[in-house]
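Atom set for the values below is all heavy atoms of this structure, side chains included, hydrogens, waters and symmetry mates excluded.
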Amino acid sequence: MSRADLPLVEQFRSWILPDSGLAAADRRAFFEDALVVLDTNVILSLYEYNPVVRNQVLVALEQISGRLWLPYQVGQEFVRGRHRVLVERDKELRGAASVLDQLLQRASQAVLDANDHVKRLLMKYANDDAAQSSLDEAINPETVKALLSDWQNLLKDHVKQLKSGYDLQPAAIRSDDPVLPKVAKLFGDRIAAPTDYRVQQQRLEEALSFRFPNAIPPGFADEGKGKPVDQAGDYFIWAEILEKAADSGVKRVLFVSSDRKRDWYEELDRNGGKRPWPQLFVELRQQTGAELRIEQPGQFFQGIEEFLAPSVELTTATYDEIDRAAEAVAERSADKRPTVTDDNAHTVTPPDGLALYAYRAAGLSTHTARQLAESALRRHFQWWLIGVTAEFGVRVLTDDEPLVELCAAVRSEARPAPEWCPGTVLAHDEWPHRSDTWVAPWFVQLTGEVGETDRLLLQRLAARQMQSRA
C-alpha cells in the first residue's frame, strides 16, 4: 500500500501531499474541462496591458471562453474598478515629472549641505580659507544643477516613453471603453445573477463573526479594511464558486488570481515559500465533490499554451508584462482605502492637516481660501483640492489619505448632473472653455468667494484637470 492509499493520508491529502494530492498529469484536465473562474484582478489587468499584449491575452482566453464563468461579485468589482485602474496609473505617470523634480531638488540640497558641513570643519579645525574657496568653486547650486540635469532628462525621457506606451486613458471609460465589449463577449451569458440580499447578509455575518476571527480563508486579511461588505469581497466570490460548483455538477474548478495575500496562501517557510491554503481544497471537495486548482496569471497562460495551443504564441515579453500587470493590479486591489467621489465627499473627513497641506501645495495665498479649504462645510472643495494637488504631483501623497475621484469641471455634451452649471457662468476672460463644459456647483460658488489671485489659480487647476481627462 502506497502512502497515498493510507486512510489518514487520503483524509488530509490537501495538507500532506503536493498540489492537494493531484498528480502532475491531472493539471491538463483542469485546462480541458474545468470551470474557469478569473478573479477581478485578472480581468482588470486587461486595462494595464499595452495593446499588443492585451490582444494576445484575449486570443488566449478565447481558447477557454466556453468554460469561463463570472461570479456576480467579480463582475461588480470589475465594472466599478475599470476607471480606477486607469486613473491611478494616469495620475502616477502624470505626476512623475513633478515627483522627480522634488526628489532631485532634495538630492541637490543634500550635496550643498554636505559641502557646507565640510567647509565648517575646515574653518573650525584648520582655518583653511583656500580649501573652502576651492569647494565653493567646485560645488555650488549651478554646478550641482548642471551635474544632475543629464540624469533628470534621462529619467523624464523614460517617464515619457511609459506614457506613450498606453492606448487607454481614463476618459475612454466614460465614453467608449474598447475593452468592455471584448470581456463581455468572452463570458457571454455565463454570468452569475445578483446574490439575494438575505443570502448576502448571511454570508457577511458568517465572514465577520466566524471565518475572519478564526482566520479561515479566504478574505480574513481584509478584516477591518473599509466597509464590512468590502472586507468580505473575497469570501463573497468564494461562496459563489461553492454554490456554482454544487448546483451544476462541476468536477473541477480552476481559479486564476494574482492575489498572493496570506488569506489565500499559506506561508511555508521564511524564504518566501507559499502554497494555496489546503482548507480551500477541502471545503470545495466537501461541499461540492469538485477538485480545485489555483494558479497565478502567468502560470495559467503558460498552461493554455501547453495544453490548448492557441493561435497566437505568447512571447517572453508578454509573460513579463502579464506578471508586471498582475502585480500592479493586485497591489491596487489590496489597497482598501476609501475612494472619495462626488456622492460621498460630504461625509468623509480628511486626515488632520491634509487640507492645509493641499492649500499650500496649490500655491493659494489668501485667508479666505484657507478658511474654505479647512471648512467642514466645504468638503467637496477640500477633497478636490487634496485630489488635484496629488494628481499633478505638486505634493507627496501621505500614507493615510484616501483616493480622490472629484472633478471641478468636465467637458461633455451632456450635463453630468442636473445641478451642474454650463461653463458660461464663469467670466469670459477667466474661463475660455465656454462650449461643452460644465462646472460643479460648489466650484461656481467658490469662485465667487475667493479673491482674484486665488480664483484664477483654482480655475487654471480645474481647466488643467478637465483637459487631462478629456
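- If you take CZ on R460 and CZ on R464, they are separated by 11.5 Å, rounding to the nearest 0.5 Å.
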Does the pair K156 and D101 meet the rule for a salt bridge (Lys or Arg N to Asp or Glu O under 4.0 Å), with working shown?
CA-CA 10 Å; K156 287 187 175 182; D101 288 340; 2.9 Å; yes
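- The heavy-atom pair separating K182 from L58 by the smallest distance is CD-CD1, 3.6 Å.
- Of all non-hydrogen atoms in S258 and A326, the two that sit nearest each other are OG-O, 3.4 Å.
- Note on ring orientation: taking the six-membered ring where Trp is involved, the planes of W277 and F220 are perpendicular (angle over 60°, cut-offs 30° and 60°).
- Panel note: side chain R82, backbone D177; no donor-acceptor pair is recorded below 3.5 Å.
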Go through L385 and L458 one step at a time and tell me if the side-chain contact (heavy atoms from CB on, under 4.5 Å) criterion holds.
CA-CA 9 Å; L385 193 61; L458 291 169; 4.2 Å; yes
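- Summarising the geometry of L104 relative to L148, their closest heavy-atom pair is O-CD1, 3.7 Å, with the distance given to 0.1 Å.
- Looking at N140, its side chain does come within 3.5 Å of a backbone N or O of E137 through a donor-acceptor pair.
- Residues L44 and E48 are not in side-chain contact: their nearest non-hydrogen atoms beyond the backbone lie 4.5 Å or more apart.
- Minimum heavy-atom separation, A131 to D128: N-OD1, 3.0 Å.
- The side-chain hydrogen bond (donor to acceptor under 3.5 Å, both in side chains) search around E266 returns R275, not counting sequence neighbours.
- Side-chain atoms of Q465 and E391 form a donor-acceptor pair, as typed in the model, at a separation below 3.5 Å.
- Residues D39 and I237 are in side-chain contact: their nearest non-hydrogen atoms beyond the backbone lie under 4.5 Å apart.
- T424 places none of its side-chain heavy atoms less than 4.5 Å from the side chain of W431.
- With values rounded to the nearest 0.5 angstrom, I304 atom CD1 is found 5.5 Å from L61 atom CG.
- Residue pairs meeting the side chain to side chain donor-acceptor pair (under 3.5 Å) criterion with at least one partner in residues 107-124, sequence neighbours excluded, are Q109-D113, K119-D136.
- At a threshold of 4.5 Å between non-hydrogen side-chain atoms, the residues V42 and F300 do not count as touching.
- Between the side chain of H380 and the backbone N or O of D342 there is at least one donor-acceptor pair closer than 3.5 Å.
- The two residues Y72 and T195 have their closest heavy-atom pair at CD2-N, 4.3 Å.
- No more than 12 heavy atoms of other residues, nucleotides or ligands shown are found within 6.0 angstrom of CZ on R80.
- Taking the side chain as every heavy atom from C-beta outward, L254 and I294 never approach each other to under 4.5 Å.
- Residues Y49 and T318 are not in side-chain contact: their nearest non-hydrogen atoms beyond the backbone lie 4.5 Å or more apart.
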Which atom pairs, one a donor and one an acceptor, fall under 3.5 Å between side chains of residues 372-379 and the rest of the protein, sequence neighbours left out?
residue, atom, partner, partner atom, Å
E374, OE1, R370, NE, 3.3
S375, OG, L377, N, 3.1
R378, NH1, E449, OE1, 2.8
R378, NH2, E449, OE1, 2.7
R378, NH2, E449, OE2, 2.9
R379, NH1, Q382, OE1, 2.8
R379, NH2, T349, OG1, 3.4

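- Side-chain atoms of N50 come within 3.5 Å of backbone N or O of V53 as a donor-acceptor pair.
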Show, in sequence, the C-alpha distance, side-chain angles and deciding distance for F255 and L38, and conclude whether the side-chain contact (heavy atoms from CB on, under 4.5 Å) test is met.
CA-CA 6 Å; F255 182 61; L38 306 181; over 6 Å; no
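- Residues meeting the side-chain hydrogen bond (donor to acceptor under 3.5 Å, both in side chains) test with S134, sequence neighbours left out: none.
- At a threshold of 4.5 Å between non-hydrogen side-chain atoms, the residues D222 and D263 count as touching.
- The CZ atom of R260 sits 11.0 Å away from atom CD of E327, with the distance rounded to the nearest 0.5 Å.
- Scanning for ring pair (Phe, Tyr, Trp, His ring centres under 6.0 Å) contacts around W420 gives an empty result, with sequence neighbours left out.
- With hydrogens and angles left out, the side-chain atoms of T447 and R455 include no donor and acceptor closer than 3.5 Å.
- Applying the side chain to side chain donor-acceptor pair (under 3.5 Å) test to every pair with at least one member in residues 204-215, sequence neighbours left out, gives these pairs: Q201-E205, E206-Y235, R211-E283.
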Intermediate values then yes/no, side-chain contact (heavy atoms from CB on, under 4.5 Å), S365 and D454:
CA-CA 7 Å; S365 57; D454 282 351; 3.5 Å; yes
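- Under the 3.5 Å distance criterion, the side-chain polar atoms of R190 are matched with a main-chain donor or acceptor of L68.
- A donor-acceptor pair shorter than 3.5 Å can be found between the side chains of Y319 and E305.
- Interatomic distance, S412 OG to M466 CE, rounded to the nearest 0.5 Å: 11.0 Å.
- Relative ring orientation between F381 and W442 is described as tilted, the plane-to-plane angle lying within the 30° to 60° band.
- Taking the six-membered ring for Trp, F443 and W384 have ring centres closer than 6.0 Å.
- One side chain, W264 or D234, offers a donor N or O that lies under 3.5 Å from an acceptor on the other.
- In this model, no donor atom of one side chain and acceptor atom of the other lie less than 3.5 Å apart for E405 and T341.
- A salt bridge between E267 and R262 is absent, with no side-chain N of the basic residue lying under 4.0 Å from a carboxylate O of the acidic one.
- Judged by distance alone, the side chain of R203 and the main-chain N or O of Q200 form no donor-acceptor pair under 3.5 Å.
- What you find for G233 and E77 is that their closest heavy atoms are CA-OE2, 4.0 Å.
- The side-chain heavy atoms of D259 and Y265, taken from C-beta on, include no pair separated by under 4.5 Å.
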Dump the intermediate steps for side-chain hydrogen bond (donor to acceptor under 3.5 Å, both in side chains) on T437 and R411, then the final yes or no.
CA-CA 4 Å; T437 66; R411 172 162 280 142; over 6 Å; no
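- Look at K145 and E142 and you find no salt bridge, because none of the NZ, NE, NH1 or NH2 atoms lies under 4.0 Å from a carboxylate O.
- From L314, atom CG reaches atom CD of E321 across 12.5 Å, with rounding to the nearest 0.5 Å.
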Walk me through it: do V183 and I43 pass the test side-chain contact (heavy atoms from CB on, under 4.5 Å)?
CA-CA 8 Å; V183 172; I43 310 176; 3.9 Å; yes
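- The line from CD1 of I322 to CD of Q296 is 12.0 Å long, rounded to the nearest 0.5 Å.
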